[in-house]
Amino acid sequence: MDRVFVCSCFGITEQQVKQHAESGACTPRQIASACKAGTDCGSCVRRIQALLGRGAAPRDGVVARPATTAARLDEAA
């Protein structure tokens with residue numbers, strides 16, 4: 001069985017994120033509450049957004065700036 005990890009900090013796979021989404025978690029914050037994915041370094045938040053069908057690409061004209069993990073989760077929700 002191939003495992004594609006979304007969150008290497010907590011060892012969360014794509015399949016686990018999809019299972020949480022099927023169980024009702026429809027935002028990155030809800031995924032974080034269910035399995036902690038996205039709550040440590042935050043590098044997986046965009047991938048979680050993509051898996052949830054929420055565009056992961058930044059909006060035109062928005063300048064990327066460093067943010068805390070909590071801020072990234074707030075923006076993604």
Side-chain angles (χ1 to χ4, degrees):
M1 171 194 247
D2 289 331
R3 289 188 181 176
V4 177
F5 287 94
V6 173
C7 176
S8 57
C9 295
F10 294 104
I12 306 301
T13 64
E14 280 188 2
Q15 185 61 34
Q16 288 172 300
V17 170
K18 290 175 184 179
Q19 287 172 343
H20 289 300
E22 289 171 5
S23 297
C26 57
T27 67
R29 181 173 288 226
Q30 290 172 338
I31 294 292
S33 293
C35 64
K36 294 187 179 182
T39 62
D40 193 25
C41 77
S43 66
C44 60
V45 173
R46 288 185 183 264
R47 181 68 185 135
I48 292 168
Q49 288 175 311
L51 288 171
L52 294 174
R54 303 169 71 101
R59 296 173 296 187
D60 289 317
V62 175
V63 177
R65 65 177 193 266
T68 64
T69 302
R72 284 190 296 265
L73 288 174
D74 285 338
E75 291 172 2

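These numbers come from the heavy atoms of this one structure, side chains and all, not from hydrogens, waters or symmetry mates. The model shown is predicted, which means the values in this text are computed figures rather than measured ones.
Under the 4.5 Å side-chain heavy-atom criterion for Ile, Leu, Val, Met, Phe, Trp and Tyr, Leu52 and Phe10 are members of the same hydrophobic cluster.
Evaluation of the side-chain hydrogen bond (donor to acceptor under 3.5 Å, both in side chains) rule for Gln16 yields Thr13 as partners, not counting sequence neighbours.
Note that CD of Glu14 and CD1 of Ile48 are 10.5 Å apart. Values are rounded to the nearest 0.5 Å.
Checked options Thr39, Val45, Val17, Leu51; the residue passing with Ile31 is Val17 (criterion: side-chain contact (heavy atoms from CB on, under 4.5 Å)).
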- Task: Under the side-chain contact (heavy atoms from CB on, under 4.5 Å) rule, what do Lys36 and Ile12 come out as? Steps first, then yes or no, please.
- Result: CA-CA 8 Å; Lys36 294 187 179 182; Ile12 306 301; over 6 Å; no
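Here the closest non-hydrogen pair linking Cys44 and Cys7 is SG-CB, 3.8 Å.
In this structure, the side chains of Gln30 and His20 stay at 4.5 Å or more apart for every pair of heavy atoms.
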